[in-house]
Amino acid sequence: MNTPTLTLTANSAGPPSAEDLVDVLLSKMTLEEKIGQLQQVDASADPLPDHLIEGVRAGRIGSVINLANTDACNRLQRVAVEESRLSIPLLMGRDVIHGFRTIFPIPLGQAAAWNPELVRKAARIAALEARSQGIHWTFAPMIDISRDPRWGRIAESFGEDPHLTGLLGSAMVEGFQTADLSGHGAILACAKHFVGYGASESGRDYSATNIPANELRNVYLEPFRRVVEAGAATLMTSFSDLDGIPATANGALLNGVLRGDWGFDGLVVSDWNAINELIVHGLCEDSRSAATEAALAGVDMEMAGDAYASNLAKLVEERVLSVSQIDAMVVRVLRLKQKLGLFERPYTDPAGFDPLVSDKALDVAYQAALESLVLLKNDGAVLPLRVAGLGSIAVIGPLADAPHEQMGTWVFDGQKTDTATPLQALRRQFGGKIDVNYAPGLETSRSRSHALFGEAETAVRNSDVALVFLGEESILSGEAHSRADITLPGAQSELLARIRALGKPVVTVVLAGRPLVLSENLPHTDSLLYAWHPGTMGGPAIAAVLFGDEAPRGKLPVTFPKSVGQIPIYYNHKNTGRPPNPSEMILIDDIEVGARQTSLGMSAFYLDDGSEPLFPFGFGLSYGKFELGGLELSQQIIGLCDRLKVRATVRNTGACSGFETVQLYVRDIAGSLTRPVKELKAFKRVSLQPGQSGLVEFDLGAADLSFYRRDGSFGPEPGKFCLWVATRSDGGLKAEFSLSAQ
Ligand code: NOJ
């Protein structure tokens, strides 16, 4: 492969410096070429249409999305570099969301590991695989706070908590980008969707969002502030309308908060055709006005639309936009190409990389799947299963052997032939030692037919224990795949009930893209392991936990509701003036006929579902049993420059070794704005043998108590605080401290 050299006449002697290269190019570009750099075009058609190739040759395209392999990327790059006037390389984008060819758990599953280092490692593998195929830019992490499990894209999120999301989003950015964008296998991250998309009304994708200013600042914007601090090179605007202004036209947020307050100097790309959709939203009458709104708001590049290409030149001619405004947008694109080293190395040679799905990649995929598993119920300690004394297992359910489905949403490049299912793993590990009686019972997760129930029941009758793999196919979550009813689809609940009736121990493993409403199913299973969509190595990870080779350690990154009617339900809510009072709560079946209207108390709960969720944020069991004790604070009052040391012991009082993730929550008792009842501030995982104790220490600074206050400033407010050291968001050891004004 020959790399052409770009001939540039810089003002100074010698090779142009980084800034010079961009300046020199800019000085040579026509307006049409500049606008071309702001254009990202869909290149998924095979073969590529002539007009696209011609567009690249003419310098009318700066980036493409959806080219999938090295040959195709290099071929098109050659047109840009060798046949266009200024030899400016293309930026190749692709959605590499939870793995490229090696598929990691969906981001919500990765979040359940509460392990930023693991997220970083998975992103690193994904970046290396993608870069080896010619990809320079991924559209992840998605750091939209998600409080509504009906929303299909909750799968792609890190859940409901701003702290956890900020931490994991930053780790993902670091994994993709590394410390040096020109380094081996680094790709650009893109934090999305700025901002508020996760609040889509009723969990219906693309719906409008209405987020109060305080909530926007302190909840939805917070993870973006963190990933910008971590160096995210690009951001994507949200499709959604936010309080009357679609995010793609929101200058107050893009130019004001993002660039102004936070000093973001990277690139902002629109979401797919989102600029033209400003017309559909009803903000603009035509694409000229849409292009104006987006450009003035701070959107640098248009993804898969033609509003910029069709209008920017005219807008400059008419002086609606200035050339220097366009230049600033173009510079952001060129600077990233320069930082990636594309001017020197525009082509990709896969020989410089590990093969796809390497052993190393599979190891990380296994670890990520393993740590994502959350044990939600384990009555009678049915788990872990012991091989000794077990003659046979029944493997039931439509997701026991569904290699495509367990990969989850956003899988363009993963292949089901690389995927190890639970059935395969159980057979590989135990075949010969234990009878594995497989009967899916249902063809797919959506099947309503009971035709295969009989076979499944026979398999269970002939076995010592039933392992039932239920959930959702991958197509049931992700973009544009919201559900109004989030119980188990099809006849899965009936299948589980029929199996339960046979009297054998039942272990249910749920593979799904969201928290499902499982209230009806819980009584029908002894154990419940939540596996999300665990990716390529899901099968071996699940088998290892079921049989106790590994202890489960995941914790919920999102609240599981008892019913759809409870949504939105999340742990870090406001207190209200009348918080639920358990002693007053009388539920629907206990209300006396003719009771007085005020006899049920006057507090915030549902007559039918109380106030608690099915499983709270932060919950997850292991094979040990853990008790917290000895909570100590280094002082009762801290100053603005002090740090509070919080210590507690955790003891494994169970019979098995296991893991506990100890969590630190804080509540600001009274603020200039009302504050959440609890906020996660830190967490630490410990691994303990039976009888063993460990000391957990947290270090909390006054700055960690910061929020956007009533006057708009950011910082902590002196006053009283509560803290909890806990193993889940709804309990724990409690203490109080104060922050003084000095
Ligand atoms: C639309 C999605 O909202 C966005 O997240 C994704 O990156 C783009 N399409 C590109 O596929």
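Because only heavy atoms are used, hydrogens play no part in the values below, and waters and symmetry mates are left out as well, while side chains stay in. Read the numbers this way: they start at 1 and go in the same order the structure lists the ligands and their atoms.
The ligand atoms of ligand 1 that sit less than 4.0 angstrom from a heavy atom of Met303 are 8 (C), 10 (C). Every atom of ligand 1 is numbered from 1 in the order shown, and the set under 4.0 Å from a heavy atom of Phe139 is 7 (O). If you number the atoms of ligand 1 from 1 as listed, the ones under 4.0 Å from a heavy atom of Met236 come out as 4 (C), 7 (O).
The shortest separation from a heavy atom of His193 to ligand 1 is under 4.0 Å, placing the residue in contact.
Under 4.0 angstrom from ligand 1, the non-hydrogen atoms of Arg153 all belong to its side chain. Residue contacts with ligand 1, taken as heavy atom pairs separated by less than 4.0 Å, involve Lys192 solely via side-chain atoms from C-beta onward. Contacts between Ile65 and ligand 1 below 4.0 angstrom, taking non-hydrogen atoms only, involve the side chain exclusively.
Taking the side chain as every heavy atom from C-beta outward, Thr419 and Gln406 approach each other to under 4.5 Å. A heavy-atom distance below 4.5 Å is found between the side chains of Ser474 and His404.
In this structure, the protein non-hydrogen atom closest to atom 8 (C) of ligand 1 is Asp271 OD1, 3.4 Å. Protein heavy atom at the shortest distance from atom 11 (O) of ligand 1 is Asp95 OD2, 2.4 Å.
Judged purely by distance below 3.5 Å, without hydrogens or angles, the side chains of Glu160 and Thr559 pair a donor atom with an acceptor atom.
The local environment of CZ in Arg204 is sparse, with at most 12 non-hydrogen atoms from other residues, nucleotides or ligands closer than 6.0 Å.
Between atom CG of residue Asp354 and atom CD1 of residue Ile125 there is a gap of 8.0 Å, rounded to the nearest 0.5 Å. Remark: Gln133 CD to Arg101 CZ distance equals 8.5 Å, nearest 0.5 Å.
When all heavy atoms are compared, the tightest approach of Ser270 to Thr248 is CB-CG2, 4.3 Å.
For Glu156, no nitrogen or oxygen atom sits less than 3.5 Å from a nitrogen or oxygen atom of ligand 1, counting backbone and side chain alike.
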